Trainee: 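Structure provided below as structure tokens; questions to follow.
Owing to the predicted nature of the structure, the values given are computational and were not obtained by experimental measurement.
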Amino acid sequence: MKKTIKSAEPLIALQEFTAARIAIGRPGTSIPLKESLEFKLAHAHARDAIYSELDIVGLTDSLKQFNLPVLHLQSMAGYREQYLKRPDLGRKLNEVSLTGLADHHSPTDISIIIAEGLSATAVNANASGLLAALMPLLQSVNLKLADMVLVEQGRVAIADEIASALKAKLSLILIGERPGLSSADSIGVYLTYNPKPGLTDESRNCISNIRPGGLNYKQAAEKIFYLIQESFKRKLSGFLLKDNAGLLK
């Protein structure tokens, strides 16, 4: 019986629009060796990203361009394995960090926090570039910014505690997203109006997949800026705040 090789040609045109593994071909019942090895490499990159570390020195140096003090804080998760197994510890500051914020600050509009989340690789690569696109927009409307914060072993909700301690009206956290098998370098941004400990995810807005191969810095900055303006105008965030930028009124 004559063997046939399945062709993926009908799907090849879709490769232009996605990094997903489509149209890779199929010899018999298997995938080609080259694609199989690329899959294993992508899986290794994802695992490496999860255990990567914030480049504190490099990030601190790159953040100097924004002329704001940079605070270094730590969550209650003392080491990476604990952070991965105990998400609750990543949502709260440890006692030393919390005490250090106790005598801060005069009221501000926005607190910007940077945390590694599940990919310090993504944060190290993209945080400064995104902020370089965003900061001029924030400054154009004279928003008052709190000290910038680099927090180690932090999860999204830790921004609520930090921004509340810094007396900020809105928190903005840049955080490494869960690595996918086509992207280990993606960051997400979460914004929360009237941040305070105990809030849950319906109180936040998220812009995700920010990276050179996804949502670029300019597009992301404009989307974040739009949501911030709408949040201050409506005095809310989360599921009640919609991204209607560009829609006819």
Trainee: Any chance CZ of Arg80 has more than 12 other-residue heavy atoms, nucleotides or ligands included, within less than 6.0 Å?
Mentor: yes
Trainee: With side-chain contact (heavy atoms from CB on, under 4.5 Å) as the criterion, how do Leu143 and Ile228 come out once you've worked through the C-alpha distance, each side chain's angles and the decisive distance to 0.1 Å?
Mentor: CA-CA 10 Å; Leu143 288 168; Ile228 287 174; 4.1 Å; yes
Trainee: Short question: side chain of Tyr190, backbone of Ala159 - any donor-acceptor pair under 3.5 Å?
Mentor: no
Trainee: Can you name the closest pair of heavy atoms from Pro197 and Glu161 and give their distance?
Mentor: CG-CA, 4.1 Å
Trainee: Do other residues, nucleotides or ligands put more than 12 heavy atoms under 6.0 Å from Glu53 CD?
Mentor: no
Trainee: In the single-linkage hydrophobic clustering (I, L, V, M, F, W, Y; side-chain heavy atoms under 4.5 Å), do Val151 and Ile50 co-cluster?
Mentor: no
Trainee: Can you check salt bridge (Lys or Arg N to Asp or Glu O under 4.0 Å) on Lys34 and Glu38, steps first, answer last?
Mentor: CA-CA 6 Å; Lys34 177 176 179 293; Glu38 287 179 349; 2.7 Å; yes
Trainee: Just wondering, do Gln229 and Lys233 contact through their side chains at under 4.5 Å, heavy atoms?
Mentor: no
Trainee: Before you tell me yes or no, could you show the steps for Tyr193 and Asn205 under side-chain contact (heavy atoms from CB on, under 4.5 Å), namely the whole-Å CA-CA distance, both residues' side-chain angles and the distance that decides it to 0.1 Å?
Mentor: CA-CA 9 Å; Tyr193 186 81; Asn205 292 83; over 6 Å; no
Trainee: Kindly indicate whether the side chain of Asp109, heavy atoms from C-beta on, has any atom under 4.5 Å from the side chain of Leu145.
Mentor: no
Trainee: What's the shortest heavy-atom distance between Leu227 and Lys242, and which atoms?
Mentor: CD2-O, 4.2 Å
Trainee: Once rounded to the nearest 0.5 Å, what's the spacing between atom CG of Leu170 and atom OG of Ser111?
Mentor: 9.0 Å
Trainee: What pair of heavy atoms forms the shortest contact from Thr108 to Leu166, and how long is it?
Mentor: OG1-O, 3.7 Å
Trainee: For Glu95, I'd like to know if atom CD has over 12 heavy atoms of other residues, nucleotides or ligands within 6.0 Å.
Mentor: no
Trainee: What I'd like to find out is whether the side chain of Leu68 reaches to under 4.5 Å of the side chain of Asp147, using heavy atoms alone.
Mentor: no
Trainee: Output the distance between atom CD (Glu230) and atom CG (Leu191), rounded to the nearest 0.5 Å.
Mentor: 11.5 Å
Trainee: Does any part of the side chain of Ile113, heavy atoms only, come nearer than 4.5 Å to the side chain of Leu172, both counted from C-beta?
Mentor: no
Trainee: Verify the cluster assignment for Ile31 and Leu41: are they in a single hydrophobic cluster under the rule of side-chain heavy atoms below 4.5 Å apart?
Mentor: no
Trainee: Would you give the length of the straight line joining atom CG of Leu84 to atom CG of Leu118, rounded to the nearest 0.5 angstrom?
Mentor: 7.0 Å
Trainee: Using modelled atom types only, decide if a donor and an acceptor are shared between the side chain of Ser36 and the backbone of Pro32 within a distance under 3.5 Å.
Mentor: no
Trainee: Between Ser183 and Arg211, is there a side-chain heavy-atom distance shorter than 4.5 Å?
Mentor: yes
Trainee: CE/Met76 to CD1/Ile158 distance, rounded to the nearest 0.5 angstrom?
Mentor: 10.0 Å
Trainee: Please examine the side chains of Asn94 and Ser75, heavy atoms only from C-beta on, and report whether any two atoms are closer than 4.5 Å.
Mentor: no
Trainee: Closest heavy-atom contact between Ser203 and Leu199?
Mentor: OG-CD2, 4.0 Å
Trainee: Which pair of non-hydrogen atoms, one from Ala184 and one from Ser119, has the smallest distance, and what is that distance?
Mentor: O-OG, 2.8 Å
Trainee: Are Met148 and Leu71 close enough, and set up right, to give a side-chain contact (heavy atoms from CB on, under 4.5 Å), and what steps lead you there?
Mentor: CA-CA 6 Å; Met148 284 194 176; Leu71 306 178; over 6 Å; no
Trainee: Please walk me through it: do His45 and Thr121 pass side chain to side chain donor-acceptor pair (under 3.5 Å)?
Mentor: CA-CA 10 Å; His45 285 319; Thr121 297; over 6 Å; no
Trainee: How long is the straight-line distance from CD1 of Ile173 back to CD1 of Ile112, given to the nearest 0.5 Å?
Mentor: 11.5 Å
Trainee: Indicate whether any N or O donor in one side chain lies under 3.5 Å from an N or O acceptor in the other, for Glu177 and Ser186.
Mentor: yes
Trainee: Compare every heavy atom of Leu130 with every heavy atom of Ala220, then report the nearest pair and how far apart it is.
Mentor: CB-CD1, 3.8 Å
Trainee: Below 4.5 Å, heavy atoms only, C-beta onward: do Tyr79 and Gln153 meet side chain to side chain?
Mentor: no
Trainee: Using a strict threshold of under 4.0 Å (side-chain N to carboxylate O), is an ion pair present between Asp160 and Arg91?
Mentor: no
Trainee: Is the closest side-chain heavy-atom distance between Leu89 and Gln82 below 4.5 Å?
Mentor: yes
Trainee: Is it true that Ile56 and Tyr51 fall in one hydrophobic cluster, defined by side-chain heavy atoms closer than 4.5 Å?
Mentor: no
Trainee: Taking Glu222 first and then Lys218, would you say they form a salt bridge - that is, a charged N and a carboxylate O separated by under 4.0 Å?
Mentor: yes
Trainee: So which pairs with a foot in residues 123-135 pass side chain to side chain donor-acceptor pair (under 3.5 Å), sequence neighbours left out?
Mentor: Ser62-Ser128, Asn126-Tyr217
Trainee: To the nearest 0.5 Å, how far apart are CZ in Arg86 and OH in Tyr83?
Mentor: 14.0 Å
Trainee: Run the side-chain contact (heavy atoms from CB on, under 4.5 Å) test on Ile187 and Ile175 for me, step by step, so that the C-alpha distance in whole Å, both residues' side-chain angles and the decisive distance to 0.1 Å come before the verdict.
Mentor: CA-CA 5 Å; Ile187 63 172; Ile175 192 165; over 6 Å; no
